[in-house]
Amino acid sequence: MLLPLDQFYLEEDEPLKSSLLALRDIILQHDKNITNAWKFNMPFFLYKGKMFCYIWTHKKLQQPFIGFSEGKRMEHPGLTFENRSRIKIMILDAGKELPVNTIKQVLDMAIELVKRDL
């Protein structure tokens with residue numbers, strides 16, 4: 001029987017499935033202190049045990065996004081609040097190549113904020 005975290009990725013259709021799996025790998029490989037977990041029925045990523053981002057599918061756009069827990073403290077043109085008060089998201093296009101350098105840049109910003117609070 002698959003764990004909910006693994007099942008989440010396998011249940012998605014292409015090209016969304018490939019994008020979400022690639023995002024997972026980019027995030028996990030970015031820093032040795034990043035781990036993944038299943039929290040609030042979604043894939044979360046922790047930095048030294050503290051939640052700092054998650055990946056999900058934008059309901060209206062049907063596109064993958066990365067949500068940043070401390071988004072309200074982050075400034076980057078690729079991030080948006082939408083209807084959220086604290087979390088900013090980076091919406092990506094599953095039909096295009098992921099902007100890996102931009103994702104890594106924003107991950108670095110998020111990690112720095114978590115480090116300040118540790």
Notebook entry, point to check: Where do L46 and K39 land on the side chain to side chain contact (heavy atoms under 4.5 Å, CB included) test, with the steps shown first?
Noted result: CA-CA 10 Å; L46 309 139; K39 295 189 176 287; 4.0 Å; yes

Please output the side-chain donor-acceptor pairs of residues 105-118 that fall under 3.5 Å, not counting sequence neighbours, one pair per line with the distance.
unit_1: Q105; atom_1: OE1; unit_2: H76; atom_2: NE2; d: 3.1
unit_1: D108; atom_1: OD1; unit_2: H30; atom_2: NE2; d: 2.6
unit_1: D117; atom_1: OD2; unit_2: R73; atom_2: NH1; d: 2.9

Note to self: Tell me every residue that passes side chain to side chain contact (heavy atoms under 4.5 Å, CB included) with L5, counting only those two or more places apart in sequence or in another chain.
What the structure shows: Y9, N36, W38, P43

Item checked: side chain to side chain contact (heavy atoms under 4.5 Å, CB included) evaluation trace for W56 with L20 -> CA-CA 8 Å; W56 199 243; L20 291 167; over 6 Å; no

Notebook entry, point to check: How far does CG of L23 sit from CD1 of I66, to the nearest 0.5 angstrom?
Noted result: 5.0 Å

Item checked: Sequence-distant partners of Y47, ring pair (Phe, Tyr, Trp, His ring centres under 6.0 Å), two or more places apart -> none

Item checked: P64 vs I55 side-chain heavy atoms within contact, under 4.5 Å -> no

Next item on the list: Check whether F65 and L61 end up in the same hydrophobic cluster, where Ile, Leu, Val, Met, Phe, Trp and Tyr are linked by side-chain heavy atoms less than 4.5 Å apart.
Entry: yes

May I have the list of side-chain donor-acceptor pairs in residues 83-100 shorter than 3.5 Å, sequence neighbours left out?
unit_1: R84; atom_1: NH1; unit_2: E82; atom_2: OE1; d: 3.2
unit_1: R86; atom_1: NE; unit_2: S69; atom_2: O; d: 3.2
unit_1: R86; atom_1: NH2; unit_2: E70; atom_2: OE2; d: 2.8
unit_1: K88; atom_1: NZ; unit_2: M74; atom_2: O; d: 2.6
unit_1: D93; atom_1: OD1; unit_2: G95; atom_2: N; d: 2.8

Check: Just wondering, more than 12 heavy atoms not from K32 lying within 6.0 Å of its NZ?
Finding: no

Check: What salt bridge (charged side-chain N to carboxylate O under 4.0 Å, His left out) pairs are there with at least one residue in residues 5-15, not counting sequence neighbours?
Finding: none

Margin query: Would you say that more than 12 heavy atoms from the other residues, nucleotides or ligands in this model lie under 6.0 Å from the NZ of K104, or not?
Written below: no

Notebook entry, point to check: Which pair of heavy atoms, one from L28 and one from T35, lies closest together, and at what distance?
Noted result: CD2-C, 3.9 Å

Note to self: If the condition is ring pair (Phe, Tyr, Trp, His ring centres under 6.0 Å), which residues does F44 pass it with, not counting sequence neighbours?
What the structure shows: F40, Y54

